[in-house]
Amino acid sequence: MKFNYKVVIPVLTLLIGLGGCKDYFDLKENPNLISNPPLNSFLTTTTQKTALNSQRVAGFTSYFVQYLASPGTAGSTDTYQITDYTGTWDAVYFGMADLYDLKKKAQEQSASEYVGVADIMLSYHLSLIGDVFGAAPFTDAFTGSTLTPKYDSEETVYNTALNLLNEGIAELAKPDSKVQLIPEGQSTNANDLIHKGSKDAWTKTAYALKARMLNKVSRKSTYKPADVLDAVSKSYTSNADDAQMSSFQLRNPWAQVARDNTNLLLDGWLSDQLVNHLNGTTYGIVDPRIAKITDKTVNNDYKGTRNGQGNVGGNNTTKDESYISLNSPLTGDASPLLIVTNAEMRFVEAEAAFRAGNKARAYTAYLDGIRANMDKYGVDAAARDAYIANPAVSVGAGALTLDLIFKEKYVATYLNPEAWNDARRYDYQYKGFRLPLNAALPTFIRRAAYPNGETTKNGANVPTEVVLSTPLWWDKP
């Protein structure tokens with residue numbers, strides 16, 4: 001059974017065969033559960049879920065931005081059909097329920113550092129839901145008083161997530177946390193799977209997420225580049241700051257996709273949009289990151305799959321098209337899941353500085369973003385520098401455009417759900433970007449439909465469905 005919200009769920013199967021056993025209802029605690037888990041246990045669970053839920057969302061939004069393509073003709077996600085994402089919705093809300101409990105328990109213990117970290121991860125989870133579906137339950141969702149919580153508006157969801165970041169920053173700044181993220185006598189906290197208990201690292205991540213959120217409203221009249229740049233200046237300065245997680249029960253879930261693909265459970269094929277972006281077809285320059293993202297085909301080339309078309313001319317077993325690779329530092333068995341990175345922050349800085357009219361700062365940040373992302377991917381320094389030195393890349397501050405910034409950021413956010421936010425506010429203007437073949441919409445997708453599990457259990461509160469090409473509030477000019 002799957003439920004979206006924090007509720008007390010009777011274990012109905014235990015009732016079968018109880019007959020006249022009156023003592024059953026005298027049980028006050030479930031002996032199979034830890035009744036009072038420590039903060040560190042919550043920290044392990046929630047930091048892992050934060051990264052895994054980010055990947056779950058990217059698992060389908062990466063088709064919308066054409067990083068991935070279905071190997072079969074007219075795949076539902078490829079072609080903007082209404083698709084049921086109940087599993088992802090539930091996983092994100094279960095994550096928020098755990099974070100709500102962590103925050104409440106930390107508040108009871110005056111553990112402000114834990115409260116701050118919980119606020120930051122709550123904000124991120126809420127943003128994942130809001131950026132995919134729009135309006136969503138939050139204010140009414142974790143009170144324990146209803147199974148059918150009311151929805152907050154799209155803009156309220158955004159503002160709540162932003163306020164949670166500000167609150168998290170304030171909590172982390174308090175000097176008197178009764179329980180510290182890093183216990184006395186230790187240098188790190190292994191239970192924190194993202195930042196190892198570093199309060200400073202979490203603060204930087206909060207500002208990185210804040211910069212991302214403030215930049216996301218670039219299409220609105222309220223957009224303030226100065227506020228974006230202020231948040232960026234308090235965020236990351238190197239790749240060592242990146243928010244990432246690499247602790248898995250078995251392996252990185254993208255690596256599992258790659259392994260399944262070799263066993264003919266087909267998925268993880270790369271879109272021709274991404275491959276052509278990198279292999280020289282679209283821009284006339286080969287990007288060395290392509291060799292760090294995928295492997296060459298049996299024909300010794302890099303070839304993507306057209307979204308909506310599927311594999312052409314092959315039998316899906318000849319490896320004549322490019323897939324997610326186990327050899328990539330992003331999708332290998334032990335590769336980290338990236339939540340937000342220094343490279344992304346440099347491109348956020350570049351865009352905000354450009355919009356503020358500071359082309360010199362924008363250009364420096366643009367080049368720094370390419371360099372940081374190349375280093376993250378493990379590109380050889382000589383190949384990195386040769387790419388950057390190409391006149392099509394090093395165009396000079398005066399010739400810098402938003403198109404170039406978005407072009408490079410598209411590569412830096414590979415398999416990150418933030419890429420769909422960029423694509424929408426950029427109006428899908430990437431060079432060569434096409435509607436999928438057999439698309440169910442006449443234009444590009446802007447939102448996902450509410451999942452069946454939610455419409456079934458909370459149908460009275462679910463907003464009236466609109467066509468999936470309807471922009472979210474921040475996506476409207």
Side-chain angles (χ1 to χ4, degrees), residues 57-58 60-69 77-81 127-128 130-134 154-155 157-158 211-225 228 271-278 281-283 304 306-308 344 347-357 359 362 365-366 369 395 399-449 466-477:
V57 173
F60 60 89
T61 60
S62 289
Y63 290 85
F64 301 157
V65 296
Q66 297 185 11
Y67 290 144
L68 302 180
T77 303
D78 251 13
T79 57
Y80 307 157
Q81 297 176 41
S127 290
L128 288 175
D131 289 340
V132 171
F133 300 99
E154 293 180 9
E155 192 166 358
V157 167
Y158 172 89
R212 176 192 274 179
M213 289 194 68
L214 293 173
N215 201 49
K216 186 167 60 185
V217 297
S218 60
R219 305 191 79 179
K220 310 302 290 184
S221 61
T222 54
Y223 175 71
K224 296 180 180 179
V228 178
S271 170
D272 64 350
Q273 172 65 32
L274 173 66
V275 173
N276 291 344
H277 190 104
L278 298 168
T281 300
T282 301
Y283 292 100
R306 174 82 188 271
N307 289 80
E344 182 190 337
F347 290 117
V348 170
E349 178 184 8
E351 181 184 346
F354 185 93
R355 293 184 187 277
K359 281 199 170 184
Y366 156 79
V395 297
L400 181 67
T401 63
L402 283 175
D403 291 334
L404 282 170
I405 294 170
F406 274 93
K407 167 200 174 230
E408 291 293 341
K409 192 181 180 188
Y410 179 77
V411 185
T413 52
Y414 171 61
L415 299 182
N416 191 300
E418 186 62 18
W420 191 31
N421 297 334
D422 283 343
R424 286 177 285 179
R425 63 190 185 84
Y426 185 49
D427 205 23
Y428 293 90
Q429 293 297 304
Y430 303 106
K431 188 175 180 181
F433 207 97
R434 302 171 290 180
L435 271 176
L437 290 177
N438 305 298
L441 299 174
T443 187
F444 299 112
I445 190 168
R446 300 283 180 169
R447 64 172 69 215
V466 296
V467 295
L468 303 188
S469 56
T470 305
L472 299 176
W473 79 275
W474 52 258
D475 189 25
K476 296 176 181 176

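All residue numbers in this chain count up from 1 along the given sequence.
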Enquirer: Would you please indicate yes or no on a ring centroid separation below 6.0 angstrom for Tyr158 and Trp474?
Expert: no
Enquirer: Side chain to side chain donor-acceptor pair (under 3.5 Å) with Asp475: which of Arg447, Arg219, Lys216?
Expert: Arg219
Enquirer: Who are the side chain to side chain donor-acceptor pair (under 3.5 Å) partners of Tyr430, not counting sequence neighbours?
Expert: none
Enquirer: With sequence neighbours excluded, tell me which residues meet side chain to side chain donor-acceptor pair (under 3.5 Å) with Glu408.
Expert: Arg289, Tyr387
Enquirer: Does the side chain to side chain contact (heavy atoms under 4.5 Å, CB included) test come out yes or no for Tyr63 and Asp78, once each step is laid out?
Expert: CA-CA 6 Å; Tyr63 290 85; Asp78 251 13; 3.2 Å; yes
Enquirer: Quick one: do Asp131 and Arg424 satisfy side chain to side chain contact (heavy atoms under 4.5 Å, CB included)? Show the steps, please.
Expert: CA-CA 10 Å; Asp131 289 340; Arg424 286 177 285 179; 4.2 Å; yes
Enquirer: Taking only residues two or more places apart in sequence, or in another chain, which ones meet Asp427 in a salt bridge (Lys or Arg N to Asp or Glu O under 4.0 Å)?
Expert: Arg446
Enquirer: Applying side chain to side chain donor-acceptor pair (under 3.5 Å) to Gln429 and Asp403, what does each step give before you reach the verdict?
Expert: CA-CA 8 Å; Gln429 293 297 304; Asp403 291 334; over 6 Å; no
Enquirer: Quick test of your reading: applying salt bridge (Lys or Arg N to Asp or Glu O under 4.0 Å), list the pairs with at least one residue in residues 433-442, sequence neighbours left out, ordered by first then second residue.
Expert: Asp272-Arg434
Enquirer: Pick from Glu351, Arg355, Lys224: which one makes a side chain to side chain donor-acceptor pair (under 3.5 Å) with Asn215?
Expert: Glu351
Enquirer: Going through the checks in order, is the side chain to side chain contact (heavy atoms under 4.5 Å, CB included) test met by Tyr80 and Leu435?
Expert: CA-CA 10 Å; Tyr80 307 157; Leu435 271 176; 3.7 Å; yes
Enquirer: Any idea how Tyr428 and Phe444 line up, ring-wise: parallel (<30°), tilted (30 to 60°), or perpendicular (>60°)?
Expert: parallel
Enquirer: Do the side chains of Tyr426 and Asn421 get nearer than 4.5 Å, heavy atoms only?
Expert: no
Enquirer: Fit a plane to each ring of His277 and Tyr410, take the angle between them on a 0 to 90° scale, and name the class: parallel (under 30°), tilted (30 to 60°) or perpendicular (over 60°).
Expert: tilted
Enquirer: Applying salt bridge (Lys or Arg N to Asp or Glu O under 4.0 Å), can you list everything that pairs with Glu349, at least two apart in sequence or on another chain?
Expert: Arg346, Arg361
Enquirer: In Å, rounded to the nearest 0.5 Å, how long is the span from OG1 of Thr77 to CZ of Phe60?
Expert: 8.0 Å
Enquirer: A side-chain contact here means heavy atoms from C-beta on lying under 4.5 Å apart; do Lys407 and Tyr283 qualify?
Expert: yes
Enquirer: Among residues at least two apart in sequence or on other chains, which ones pass salt bridge (Lys or Arg N to Asp or Glu O under 4.0 Å) with Asp422?
Expert: Lys409, Arg425
Enquirer: For Gln273 and Ser271, run side chain to side chain donor-acceptor pair (under 3.5 Å): C-alpha distance rounded to whole Å, both residues' side-chain angles, the deciding distance at 0.1 Å, then the answer.
Expert: CA-CA 5 Å; Gln273 172 65 32; Ser271 170; over 6 Å; no
Enquirer: Let me see the working for Val57 and Trp420 under side chain to side chain contact (heavy atoms under 4.5 Å, CB included), right down to the final yes or no.
Expert: CA-CA 10 Å; Val57 173; Trp420 191 31; over 6 Å; no
